[in-house]
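A short worksheet on the structure shown next.
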Amino acid sequence: MASPLQFLLTHGSGPLIFLVLVAGGLGLPFPEDIVQLAAGVLAHRGLMPLSAALALCFLGVLCGDTVLFLTSRRLGQALYTHPRTRRLFPPERRARIQGLYAKHGSRVVFVGRFMSVLRVPVFAMAAAEGMPLRRFLFWDGLALCLSSPLVVLLGYVGSASVDRVAKGVGQVEHFIALGGVAALLIILGVRHVRERQRDQAPA
C-alpha cells in the first residue's frame, strides 16, 4: 500500500494539496509537513510553479487552522466535554496548555504552530477561551511565514531523495521550532524597545 507521500507524488495536484492541508488542519491524519514536502517535489518536477506550491501550502494550512478555530469558538466551553473533542484535553494536557497561555498570552498560538502534538488543542483552546480571530490569524500567519516555505523548499531541493528527506522532517521541525522561538524573541524585544522609547518620549 502506497504511503501518503507516495500517493501525493503520484496523484498530487494543486487542488488536492490544498484540500488535504485543510483537512489536516482539522486534525485528520494527514501530516501537513509531508503534504508540503510533496508540494515542493511536485514543483521541482514541473507539475506546478514553485510560487504556486508555496502559496497553496500557506493558504491551505491557514484555512484549515481557521476552520478549526471557528468550529472551536462555536463550541466554546463545551469543547472540553463534547464526545468528539474532549479526548484532546486530558487533564495534564489542558493544564500544560493553560500554563503556556499564562506565560505567553496570545503568543502561545505562535509557539503552538511549532509543536505538532499540541498544535490542534492549543488552537482550539485559543478559540474556546475567547481569543479574537484577527489576533489568532496574526500569530498563526506569522509562524507560517517561517515554517511553511522552509518545508516546501526542503521538498523542492531534496526531490531526488524525497524518502530520505521525509524521514528527516522531524529533525528539521526542531530547527524550525528553534528559529520560530528566536523570531518570537526578536519580535518581543523590538516591541519592548519601542514601548520604552514611547514611554520616555517627552509629552
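Side-chain atoms are counted along with the backbone in the values below, which use heavy atoms only and exclude waters and symmetry mates.
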Open item on the list: Distance check, rounded to the nearest 0.5 Å: F69 atom CZ versus R74 atom CZ?
Closed with: 15.0 Å
Task: Heavy-atom closest contact (L144 atom, P149 atom, distance) - done: O-CD, 3.2 Å
Task: Distance in Å, D65 CG paired with F123 CZ, rounded so as to fall on 0.5 Å steps - done: 4.5 Å
Open item on the list: Within the 4.5 Å heavy-atom criterion, are M125 and R94 side-chain neighbours or not?
Closed with: yes
Task: Donor-acceptor contact present, side-chain R119 to main-chain R113, <3.5 Å - done: yes
Open item on the list: Using every non-hydrogen atom in the two residues, find where G112 and V122 come nearest and quote the distance to one decimal.
Closed with: CA-CG1, 4.2 Å
Task: ring pair (Phe, Tyr, Trp, His ring centres under 6.0 Å) partners for F89, two or more places apart - done: Y80
Task: Main-chain N/O of A128 paired with S72 side-chain donor or acceptor, under 3.5 Å - done: no
Task: Validation row: F18, C57 side chains within 4.5 angstrom (heavy atoms) - done: no
TODO: Show your working on side chain to side chain contact (heavy atoms under 4.5 Å, CB included) between L50 and L54 and close with a plain yes or no.
DONE: CA-CA 6 Å; L50 178 59; L54 291 167; 4.2 Å; yes
- [ ] Report the distance from atom CG of L21 to atom CG of L59, rounding to the nearest 0.5 Å.
- [x] 10.0 Å
- [ ] For side chain to side chain contact (heavy atoms under 4.5 Å, CB included), just list the numbers for L16 and S13, CA-CA rounded to whole Å, side-chain angles, deciding distance to a tenth of an Å, and then say yes or no.
- [x] CA-CA 5 Å; L16 180 62; S13 63; 3.6 Å; yes
Task: Pairs touching residues 6-19 that satisfy salt bridge (Lys or Arg N to Asp or Glu O under 4.0 Å), sequence neighbours left out - done: none
Open item on the list: Has R93 got a side-chain atom pairing as donor or acceptor with L88's backbone, closer than 3.5 angstrom?
Closed with: yes
Task: Spatial distance of atom CD1 (I17) from atom CG (L56) [nearest 0.5 Å] - done: 8.0 Å
Task: Partner set under side-chain hydrogen bond (donor to acceptor under 3.5 Å, both in side chains) for S148, not counting sequence neighbours - done: Q36
Task: Parallel, tilted or perpendicular: ring planes of H44 versus Y156, cut at 30 and 60 degrees - done: perpendicular
Open item on the list: To check you understand the geometry: which heavy-atom pair defines the closest contact between F114 and S147, and what is its length?
Closed with: CE2-CB, 3.9 Å
Open item on the list: Working note: S106 + Y101, criterion side chain to side chain contact (heavy atoms under 4.5 Å, CB included); need CA distance, chi angles, decisive distance, verdict.
Closed with: CA-CA 7 Å; S106 58; Y101 275 111; over 6 Å; no
TODO: Taking all non-hydrogen atoms of both residues into account, name the closest pair between T85 and A78 and its distance.
DONE: OG1-O, 4.4 Å
- [ ] Report the C-alpha distance between V109 and F138 in whole Å, list the side-chain angles of each, state the deciding distance to 0.1 Å, and finish with yes or no for side chain to side chain contact (heavy atoms under 4.5 Å, CB included).
- [x] CA-CA 9 Å; V109 171; F138 171 78; over 6 Å; no
Open item on the list: Would you compute the distance between atom CG of L42 and atom CE of M48 and round it to the nearest 0.5 angstrom?
Closed with: 5.0 Å
Task: Note: R73-E129 ion pair, threshold 4.0 Å (strictly below) - done: no
Task: Closest non-hydrogen atom pair, G155 against L37 - done: N-CD2, 3.4 Å
TODO: Starting at CG of L137, measure out to OG1 of T66 and round the result to the nearest 0.5 Å.
DONE: 4.5 Å
